[in-house]
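Note sheet for the following structure.
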Amino acid sequence: MPDLAPPLIAWYRDNARDLPWRREGFGAWGTLVSEFMLQQTPVARVIPRLEEWLSRWPTPADLAAAPPADAVRLWANLGYPRRALWLHRAATEIRDRHDGMVPRDVDALLALTGIGDYTARAVAVFAFGDRHPVVDTNTRRVLARAVEGRSQPRPPAKADLAAMAAILPEDDGDAAVVNAAAMELGAVVCTARTPRCEACPLADLCAWRAAGYPDTGDDRRKQARYEGSDRQARGAVLKVLRDADGHVAPAAAVIAEWPDPQQRDRAIDSLIVDGLVEAVDGMLHLPR
DNA sequence: AAGGCGTGGAC
DNA sequence: TGTCCAAGCCT
């Protein structure tokens, strides 16, 4: 297998985007918050919310001291609002278990609410400079094409970590750059739909290109339809409560015009189960 | 382990 | 238009 690290490192040095979390001394808390926000959410939508969030809650203890409702409100339209709740819980856990300091150890990070294989290693590598494989959807696509010769990656699997580890250089700093470079390449060149292969630093080494860009299929699971879904109903309920500015809203008045009342009630119930909504005497509000 | 979970831009 | 996609995690 060709060594992908040198061309990735050289390309990243000249082509990395200037993003807030790549600034010198951005801090582990900032990195952690950015990674939560970036889970399934585009960079351009994250940046303004991130600045606002860190300005308001500069440390985990600051966030832990705030009501969860404030976190859900500031999360605004980033989507998947459970992440706001999970980030608030993680901040509380960091305060209570780690003296308010973001832990450096991968297992300690994995034990925090809302942190999985990707986020734990992203923090350990990008905030602390340690040597671990970091695998996100971009990395999976780059490896699938360059190494396996596939047009799209297989569904995420634990084996992905070993595949990334196999191309990491020995040096911690170089390994961190290769992790970042694989993600960056997947984000701006080796994209899902219209890859810019003419601008790819791995073109000469790419197994997919060598094979003539075959369509090898895509067995990843597809997103469920959003229009008419419970998720859409949940989103509508939560938007009303976010905009209620601290006041509670009668359950019946929340999206009263929703076409399917049973679905509306089901959405409210599931939001309560998730802890995103609290009900008192039939009145709803964000969690205090 | 397979499915649930937001939101909006691009094509 | 509808479909795809976006630095995943949880149960």
Side-chain angles (χ1 to χ4, degrees), chain A residues 16-17 19-22 26 30-50 72 75-87 89-90 109-127 132-143 151-153 155-158 160-161 164 176 179-188 190-195 218-242 255 263 266-267 269-277:
Chain A
R17 290 168 294 175
L19 299 172
W21 43 91
R22 291 177 179 163
F26 189 67
T31 300
L32 181 59
V33 173
S34 74
E35 295 298 349
F36 262 88
M37 290 184 171
L38 287 164
Q39 292 168 5
Q40 301 280 281
T41 302
V43 164
R45 205 181 314 164
V46 163
I47 290 175
R49 292 283 81 74
L50 175 66
V72 173
W75 198 258
N77 65 341
L78 283 180
Y80 291 147
R82 294 190 294 190
R83 290 181 295 163
L85 212 51
W86 291 342
L87 178 50
R89 285 179 196 159
L109 288 161
L110 284 169
L112 299 174
T113 301
I115 294 191
D117 283 330
Y118 165 75
T119 304
R121 289 170 179 79
V123 170
V125 170
F126 301 137
H132 304 280
V134 181
V135 178
D136 76 334
T137 189
N138 294 302
T139 298
R140 265 185 215 99
R141 186 170 52 249
V142 168
L143 293 178
S151 51
Q152 296 293 344
K158 290 289 185 184
D160 300 340
L161 289 174
M164 186 60 192
N179 277 310
M183 294 170 60
E184 185 76 352
L185 188 67
V188 303
C190 191
T191 51
R193 269 188 284 196
T194 311
D218 187 351
D219 51 350
R220 290 171 301 170
R221 106 183 133 92
K222 291 184 174 13
Q223 269 189 140
R225 180 181 185 81
Y226 182 67
E227 191 66 28
S229 68
D230 285 12
R231 292 161 72 185
Q232 185 181 33
R234 285 168 55 107
V237 171
L238 215 51
K239 175 168 175 50
V240 168
L241 294 183
R242 280 198 311 264
I255 56 171
Q263 182 181 57
R266 190 165 63 242
D269 288 345
S270 74
L271 287 167
I272 291 171
V273 167
D274 284 351
L276 279 164
V277 170

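Proteins get letters first, then strands, A, B, ... in listed order; numbering begins at 1 in each.
Contacts classified as salt bridge (Lys or Arg N to Asp or Glu O under 4.0 Å) and involving residues 110-123 of chain A (residues at least two apart or in different chains) are given here: A:D117-A:R121, A:D117-A:K158.
Using a 4.0 Å heavy-atom criterion, one finds that A:L78 contacts the bases of the nucleic acid, with or without backbone contacts as well. Counting non-hydrogen atoms under 4.0 angstrom, A:A192 reaches the backbone sugars and phosphates but no base. A:W75 comes within contact range of no nucleotide atom at all, as no heavy-atom separation falls under 4.0 Å. Within the nucleic acid shown, A:D274 has no heavy atom closer than 4.0 Å to any nucleic acid atom. Across all strands, A:P156 comes closer than 4.0 Å to no nucleic acid atom at all (heavy-atom distances).
Applying the side chain to side chain donor-acceptor pair (under 3.5 Å) test to A:T113 and every residue at least two apart in sequence or in another chain returns A:E93. Every side chain to side chain contact (heavy atoms under 4.5 Å, CB included) that A:A180 has, sequence neighbours left out, goes to A:Y12, A:F126. Scanning for side chain to side chain donor-acceptor pair (under 3.5 Å) contacts around A:E184 gives A:R17, A:R22, with sequence neighbours left out.
Nearest nucleotide to the side chain of A:P81, out of B:dG6, C:dC9, C:dA7: B:dG6.
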Original post:
So A:Q263 and A:Q232, side-chain contact (heavy atoms from CB on, under 4.5 Å) or not? Walk me through it.
Top reply: CA-CA 10 Å; A:Q263 182 181 57; A:Q232 185 181 33; over 6 Å; no
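Positionally, the nearest nucleotide of DNA chain C for A:R17 lies more toward the 5' end than for the other of A:R17 and A:L112. Nucleotides of DNA chain B nearest to A:K239 and A:R221 differ in position, and the one nearer the 5' end is that of A:R221.
Between the P atom of C:dA6 and the NZ atom of A:K222 lies a distance of 13 Å, rounded to the nearest Å.
With hydrogens and angles left out, the side-chain atoms of A:Y118 and A:Q39 include no donor and acceptor closer than 3.5 Å.
The side chain of A:T139 contributes no N or O atom lying less than 4.0 Å from OP1 or OP2 of C:dA7. Residue A:N138 has a polar side-chain atom (N or O) positioned under 4.0 Å from OP1 or OP2 of C:dA7. Residue A:R242 places at least one side-chain N or O under 4.0 Å from the OP1 or OP2 atom of B:dT7. One finds a side-chain N or O of A:N77 lying less than 4.0 angstrom from the OP1 or OP2 phosphate oxygen of B:dG8. Here A:R141 reaches the OP1 or OP2 of C:dA6: one of its side-chain N or O atoms lies under 4.0 Å away.
The stretch residues 223-234 of chain A comes close to DNA chain C through A:Q223, A:R225, each having a heavy atom under 4.0 Å from the strand. Sorted by residue number, the members of residues 38-47 of chain A with any non-hydrogen atom under 4.0 Å from DNA chain B read A:Q40, A:T41, A:R45.
Of the possible polar contacts, none joining the A:R220 side chain to the A:Q152 backbone as a donor-acceptor pair under 3.5 Å is found.
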